[in-house]
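Just so it is clear, the values below take in all heavy atoms, side chains as well, and ignore hydrogens, waters and symmetry mates.
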Amino acid sequence: MTFHSPAHQAVDPVKLDKLAEVAVKVGLQLQRGQDLLITAPIAALPLVRLITKHAYIAGAGLVTTFYSDEETTLARYAHAPDESFDKASGWLYDGMAKAFGSNTARLAISGDNPMMLAAQDPAKVARANKAMSMAYKPALEKISNFDINWNIVSYPNPAWARQMFPDDSEAVAVEKLANAIFAASRVDVDDPIAAWGQHNANLAKRSSWLNGERFSALHFTGPGTDLTVGLADGHEWHGGASTAKNGITCNPNIPTEEVFTTPHALRVEGHVSSTKPLSHQGTLIDDIRVRFEGGRIVEAKASKGEEVLNKVLDTDEGARRLGEVALVPHSSPISASGVLFYNTLFDENASCHIALGQCYSKCFLEGASLSQEQITAQGGNSSLIHIDWMIGSGEVDIDGVRADGAKVPVMRKGEWA
């Protein structure tokens with residue numbers, strides 16, 4: 001069973017310890033006396049223990065972890081009464097929101113089995129997700145508005161490894177996934193913290209160029225794609241390390257290869273095709289094709305998972321509009337690995353992508369001081385969801401569109417122009 005599985009012996013303990021140290025020192029830059037709230041699948045217990053150790057070495061006040069477990073999640077779908085799927089633990093998320101309001105740092109370990117809910121009733125999955133999203137919103141707003149330092153890292157859960165490498169034994173699959181995580185997270189080098197410093201500097205240089213250009217839109221062209229994404233008024237590009245409202249500079253995503261900003265919720269036109277499958281809540285949604293009019297998705301198709309995609313789009317008014325656009329070179333290490341992770345944290349860093357739903361308030365000039373009304377007026381989208389999906393490849397070109405309509409090459413064949 002989970003954390004006593006012999007497969008865990010396939011995970012390099014030295015690199016796992018480095019990942020834990022990077023999560024605390026680079027991902028969070030946890031401050032002396034600051035509390036930390038962790039969420040993790042129970043299979044990730046070895047990494048939770050190491051992160052907890054490094055957090056206390058860094059001077060953490062109190063580290064609290066909430067665990068999830070695949071078998072208990074599936075027990076709900078097998079045995080719970082129908083009304084259960086409209087409920088969520090609001091008291092727990094209220095407590096999390098209160099913790100973040102008191103400057104508690106947030107760390108999520110991802111690594112759930114991506115196909116955990118694949119065999120469950122999509123309607124029940126959608127209801128449970130909606131109830132959870134509504135309950136979680138007060139806590140999620142503290143994260144998406146960047147009130148606090150937060151970070152996501154991953155652990156090679158055996159169920160996830162088997163999904164990625166179905167032809168290998170569990171131990172070999174876990175070892176392969178672990179090594180892929182370590183490489184993407186830049187902890188397979190002698191000095192990961194220095195490597196992250198250099199990487200953050202490179203991403204900052206890209207963001208700085210884009211911010212200097214002040215494009216009014218981006219135009220994506222490629223197979224199945226002719227899409228103009230208007231950018232929000234007063235948008236700001238970010239990438240790599242960012243400073244939260246509490247003054248702490250952190251790296252929210254490990255790994256990360258993207259520079260990203262906020263689209264204008266009302267100014268997206270044209271059609272776009274996904275270039276990689278989206279693994280969403282246990283369903284693989286593949287070959288997504290959507291058409292936008294006035295910023296809103298008016299038509300959506302997929303060769304796999306179309307029913308789930310349309311349920312996601314019906315979550316609320318903002319679910320059919322964009323909250324993020326991100327640029328990633330096709331030659332990024334995750335893309336070059338040729339591996340599909342079935343995990344958005346990784347797959348989004350293999351490709352340019354867009355996100356349905358909630359925008360990030362920090363992607364506005366002076367975003368920390370803007371009210372929700374101002375963010376909306378400048379084109380920022382609001383929704384219960386934020387779901388990234390990949391639209392970039394070695395065949396996609398991107399132009400920056402200036403206010404006067406002039407075009408500037410940004411990417412050619414998936415690489416920075």
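- Taking the side-chain contact (heavy atoms from CB on, under 4.5 Å) definition, one finds that Asp112 meets it with Pro41, Ser68, sequence neighbours left out.
- Side chain of Asn149 to backbone of Leu28: a donor-acceptor contact under 3.5 angstrom is found.
- Between the side chain of Ser369 and the main chain of Glu366, a donor-acceptor pair closer than 3.5 Å is present.
- If you take CZ on Phe165 and CD on Glu175, they are separated by 10.5 Å, rounding to the nearest 0.5 Å.
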Trace of the side-chain contact (heavy atoms from CB on, under 4.5 Å) decision for Asn253 with Leu345: CA-CA 7 Å; Asn253 289 353; Leu345 178 63; 3.8 Å; yes
Report all side-chain donor-acceptor pairs from residues 55-64 shorter than 3.5 Å, counting only partners two or more places apart or in another chain.
residue	atom	partner	partner atom	Å
Tyr56	OH	Val63	N	3.0

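- Side-chain atoms of Glu236 and Phe364, non-hydrogen and from C-beta on, never get closer than 4.5 Å to each other.
- Going from atom CG of Leu340 over to atom OG of Ser335 covers 11.0 Å, rounded to the nearest 0.5 Å.
- Checked by atom type and distance alone, the side chain of Ser383 pairs as donor or acceptor with a backbone atom of Ile385 at under 3.5 Å.
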Ile398/Trp416 under side-chain contact (heavy atoms from CB on, under 4.5 Å): CA gap, chis, key distance, verdict: CA-CA 9 Å; Ile398 305 171; Trp416 291 105; over 6 Å; no
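- Side-chain atoms of Glu21 and Val24, non-hydrogen and from C-beta on, never get closer than 4.5 Å to each other.
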Test log, rule side chain to side chain donor-acceptor pair (under 3.5 Å), inputs Asp17 and His54: CA-CA 9 Å; Asp17 191 67; His54 282 287; 3.1 Å; yes
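- In terms of heavy-atom proximity, Arg214 sits nearest to Gly234 at NH2-C, 3.9 Å.
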From CA spacing to verdict: side-chain contact (heavy atoms from CB on, under 4.5 Å), Glu306, Ile285: CA-CA 7 Å; Glu306 187 174 305; Ile285 307 174; over 6 Å; no
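- Electrostatic pairing of Arg162 and Glu170 counts as a salt bridge here, judged by a charged N lying under 4.0 Å from a carboxylate O.
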Full working for side chain to side chain donor-acceptor pair (under 3.5 Å) between Asn251 and Asn200: CA-CA 9 Å; Asn251 264 83; Asn200 279 328; 2.9 Å; yes
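- Taking a cutoff of 4.0 Å between a charged side-chain nitrogen and a carboxylate oxygen, Asp347 and Lys276 do not qualify as a salt bridge.
- Rounding to the nearest 0.5 angstrom, the gap separating the CG atom in Leu117 from the CD atom in Glu70 is 8.5 Å.
- Distance alone, capped at 3.5 Å, places no donor-acceptor pair between the Asn145 side chain and the Asp147 backbone.
- The backbone N or O of Val312 lies less than 3.5 Å from a partner atom in the side chain of Thr315, making a donor-acceptor pair.
- Atom CZ of residue Phe346 and atom OG of residue Ser110 lie 6.5 Å apart, to the nearest 0.5 angstrom.
- Using a 4.5 Å heavy-atom threshold, the side chains of Val229 and Glu269 count as separate.
- Residues Leu370 and Leu365 approach most closely at CD1-O, 4.1 Å, considering heavy atoms.
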Test log, rule side-chain contact (heavy atoms from CB on, under 4.5 Å), inputs Tyr67 and Val48: CA-CA 10 Å; Tyr67 292 97; Val48 173; 3.3 Å; yes
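- Without hydrogens or angle criteria, Ser332 side chain to Val328 main chain gives no donor-acceptor distance under 3.5 Å.
- With sequence neighbours excluded, the residues forming a salt bridge (Lys or Arg N to Asp or Glu O under 4.0 Å) with Arg186 are Glu257, listed by chain and number.
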Result block: side-chain N/O donor-acceptor pairs under 3.5 angstrom for residues 89-101, not counting sequence neighbours:
none

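- Using modelled atom types, one finds a donor on one side chain and an acceptor on the other under 3.5 Å when comparing His353 with Glu258.
- Within the model, atoms CG of Leu47 and CD1 of Ile109 stand 4.0 Å from one another, a figure rounded to the nearest 0.5 Å.
- For Tyr360 and His386, the distance between ring centers is under 6.0 angstrom.
- With a 4.5 Å cut-off on side-chain heavy atoms, Asn246 and Gln31 do not count as touching.
- Counting only residues at least two apart or in different chains, ring pair (Phe, Tyr, Trp, His ring centres under 6.0 Å) contacts with residues 266-323 are absent.
- Evaluation of the side-chain hydrogen bond (donor to acceptor under 3.5 Å, both in side chains) rule for Asp233 yields Arg267 as partners, not counting sequence neighbours.
- At a cut-off of 3.5 Å, with distance as the only test, a side-chain donor of Ser84 or Arg76 sits close to an acceptor on the other residue.
- Counting only distance, with no hydrogens or angles, the side chain of His199 and the backbone of Thr256 share a donor-acceptor pair below 3.5 Å.
- Side chains of His264 and Asn381: no donor on one and acceptor on the other come within 3.5 Å.
- Between the side chains of Ser382 and Gln372, not a single donor N or O lies within less than 3.5 Å of an accepting N or O.
- When all heavy atoms of Ala241 and Thr249 are compared, the pair lying nearest together is CB-CG2, 3.8 Å.
- Residues Thr39 and Leu37 form a side-chain contact, since some pair of their non-hydrogen atoms from C-beta on lies under 4.5 Å apart.
- Aromatic ring pairs are classed by plane angle as parallel below 30°, tilted from 30° to 60° and perpendicular above 60°; the pair Trp209 and Phe215 is perpendicular.
- Arg296 places no side-chain N or O within 3.5 Å of a backbone atom of Glu317 that could act as its donor or acceptor partner.
- Considering Ile354, Val401, Leu327 in turn, Leu327 is the only one that fulfils the side-chain contact (heavy atoms from CB on, under 4.5 Å) rule with Leu218.
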Stepwise salt bridge (Lys or Arg N to Asp or Glu O under 4.0 Å) check, Asp188 with Lys18: CA-CA 8 Å; Asp188 60 346; Lys18 281 184 174 181; over 6 Å; no
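- Environment of CG in Asp190: sparse, with no more than 12 heavy atoms of neighbouring residues, nucleotides or ligands closer than 6.0 Å.
- Thr225 and Ser273 are not linked by any side-chain donor-acceptor pair at a separation below 3.5 angstrom, with hydrogens and angles left out of the test.
- In this structure, Pro138 and Ala135 approach most closely via the heavy-atom pair CD-O, 3.3 Å.
- Residue-environment remark: NZ (Lys25) stays at or below the threshold of 12 foreign heavy atoms within 6.0 Å.
- Rounded to the nearest 0.5 angstrom, Leu309 CG and Leu278 CG are separated by 8.0 Å.
- Counting heavy-atom neighbours within 6.0 Å of Met115 CE, excluding the residue itself, gives a total above 12.
- Annotation: side chain of Leu19 is not in contact with side chain of Lys15 (no heavy-atom distance under 4.5 Å).
- Checked by atom type and distance alone, the side chain of Asp286 never pairs as donor or acceptor with a backbone atom of Lys304 at under 3.5 Å.
- No donor-acceptor pair closer than 3.5 Å links the side chain of Arg106 to the backbone N or O of Trp150.
- Inter-residue side-chain proximity for Ile254 and Trp196 is flagged as met; some heavy-atom pair is nearer than 4.5 Å.
- Counting heavy atoms from C-beta outward, Arg291 and Val272 have side chains that stay 4.5 Å or more apart.
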